[in-house]
Peer 1: 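Quick one: the structure is below, and I'll ask about it shortly.
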Amino acid sequence: MILRNADSPSVSAAERFEALYTGSYQEISGYVRRRVPPDAADDVVAQVFTVAWRRFGQVPSPPQDRLWLFGVARNCAAEHQRAATRRLRLRTRLSQEPAAVAHVPGPGGPDHDPGPVLAALASLRPKEREALQLVLWDELSHAEAAEVLGCTVNAFELRYRRARNRVRDALAAAWADAARGAPTSDTPAGPRHARAAIPRMDQR
């Protein structure tokens, strides 16, 4: 157990890395597991902290070190997705079969039915989807999310609002479609209940 201040000059690099790893593992692991298939998550998380160790001299001081790790995790997850896409394309060409429909990983994993909310997220542009994910899944503030994405807070908030409104519209349309095929009196499928069931995504 490390009892000394992690910023103290007397603390070794190994001890400081251990403190960073221990304090950040759960958040980084959760971030990765919401974005890659379960069978790849451990490898991607390990890659994140391997990169952090190799580039430990570049890690900023707390609390910025946490957001720096999010940036590394974002890059590692994106690289995994790109590699998976390349493998899928190669397998498709070799088998001469239609490619499988791309799936956007969510909290339930790649084989889980994403439901209306994740289906709405999947319809967004990648940058807009990532803005919502950082706020709703990873519970970052707008300032923190903007730093992870490398943009200004104003640019992030514009992206976030656009994504939030599109998801709301998609959910409203989905509920309206469901309501048209069911009784509209006092049943849960009626439009009045459908509108109430649309989750709020108020700006943080």
Side-chain angles (χ1 to χ4, degrees), residues 1-88 102-112 118 121-122 124-157 159-160 163 204:
M1 179 178 180
I2 299 175
L3 298 178
R4 289 171 290 176
N5 187 330
D7 290 330
S8 170
S10 63
V11 178
S12 70
E15 288 175 315
R16 287 186 285 115
F17 178 79
E18 180 184 347
L20 176 65
Y21 177 89
T22 302
S24 306
Y25 180 84
Q26 291 299 328
E27 268 194 320
I28 297 302
S29 177
Y31 176 95
V32 169
R33 291 177 193 282
R34 286 186 285 269
R35 287 164 173 81
V36 304
D39 60 352
D42 288 340
D43 288 343
V44 176
V45 172
Q47 182 184 3
V48 171
F49 286 101
T50 297
V51 171
W53 173 248
R54 289 174 178 170
R55 297 169 54 190
F56 196 58
Q58 302 174 28
V59 178
S61 300
Q64 299 305 313
D65 55 349
R66 169 174 168 265
L67 299 180
W68 185 88
L69 271 180
F70 268 106
V72 174
R74 179 189 180 219
N75 290 337
C76 290
E79 177 54 36
H80 172 82
Q81 296 289 12
R82 286 192 292 268
T85 299
R86 289 193 295 268
R87 289 193 296 270
L88 176 60
H103 174 72
V104 179
D111 297 323
H112 181 73
L118 290 184
L121 281 174
L124 296 175
R125 295 168 183 158
K127 289 184 178 181
E128 293 176 350
R129 180 166 60 248
E130 189 168 24
L132 277 185
Q133 288 171 338
L134 286 170
V135 173
L136 301 180
W137 288 3
D138 302 301
E139 299 183 347
L140 298 187
S141 69
H142 287 191
E144 291 172 334
E147 184 163 344
V148 170
L149 297 180
C151 64
T152 66
V153 175
N154 286 341
F156 175 83
E157 288 180 345
R159 187 183 303 175
Y160 175 83
R204 290 165 61 85

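Atoms considered below: every heavy atom in the structure, side chains included; atoms not considered: hydrogens, waters and symmetry mates. This structure is a prediction, so every number in the text was calculated from the model and none was measured. For the single chain, residues carry numbers from 1 onward in sequence order.
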Peer 1: List the atom of S29, the atom of V45, and the distance in Å for their closest heavy-atom pair.
Peer 2: CA-CG2, 3.9 Å

Peer 1: Taking the side chain as every heavy atom from C-beta outward, state whether V148 and F156 have any atom pair closer than 4.5 Å.
Peer 2: no

Peer 1: Using the six-membered ring wherever Trp is involved, compare the ring planes of Y31 and F70 and label them parallel, tilted or perpendicular (cut-offs 30° and 60°).
Peer 2: perpendicular

Peer 1: Kindly compute the distance separating NE2 (H142) from CZ (R159), expressed to the nearest 0.5 Å.
Peer 2: 12.0 Å

Peer 1: State which residue, out of V44, D43, V32, fulfils the side-chain contact (heavy atoms from CB on, under 4.5 Å) condition with H80.
Peer 2: V44

Peer 1: CD of E18 to CZ of R16: how many Å apart, nearest 0.5 Å?
Peer 2: 12.5 Å

Peer 1: Using atom types as modelled and distance alone, determine if a side-chain donor or acceptor of R33 lies under 3.5 Å from a backbone N or O of A41.
Peer 2: no

Peer 1: Give, for atom CG of L134 and atom CD of E147, the distance between the pair rounded to the nearest 0.5 Å.
Peer 2: 12.0 Å

Peer 1: To the closest 0.5 Å, what do you measure between CH2 (W53) and CG (L20)?
Peer 2: 11.0 Å

Peer 1: Sort out for me which residue in R35, R74, R34, R125 forms a salt bridge (Lys or Arg N to Asp or Glu O under 4.0 Å) with E130.
Peer 2: R74

Peer 1: Please give me the minimum heavy-atom distance between V51 and C76, naming the atom from each residue.
Peer 2: CG2-SG, 4.4 Å

Peer 1: Kindly give the heavy-atom pair with the smallest separation between W68 and Q58, and that separation in Å.
Peer 2: NE1-O, 4.0 Å

Peer 1: Taking all non-hydrogen atoms of both residues, which atom of D65 and which atom of P60 are closest, and how far apart?
Peer 2: CB-O, 3.2 Å

Peer 1: Going from CG on D138 to CD on E144, what distance comes out if it is rounded to the nearest 0.5 angstrom?
Peer 2: 10.5 Å

Peer 1: Determine whether E157 and V153 make a side-chain contact, defined as any pair of heavy atoms from C-beta on separated by less than 4.5 Å.
Peer 2: yes

Peer 1: Using side-chain heavy atoms (C-beta onward) and a distance below 4.5 Å, is R66 in contact with L140?
Peer 2: yes

Peer 1: Parallel, tilted or perpendicular, judged at 30° and 60°: which one describes the rings of Y25 and Y21?
Peer 2: tilted

Peer 1: Enter the distance from I28:CD1 to L69:CG here, rounded to the nearest 0.5 Å.
Peer 2: 5.0 Å

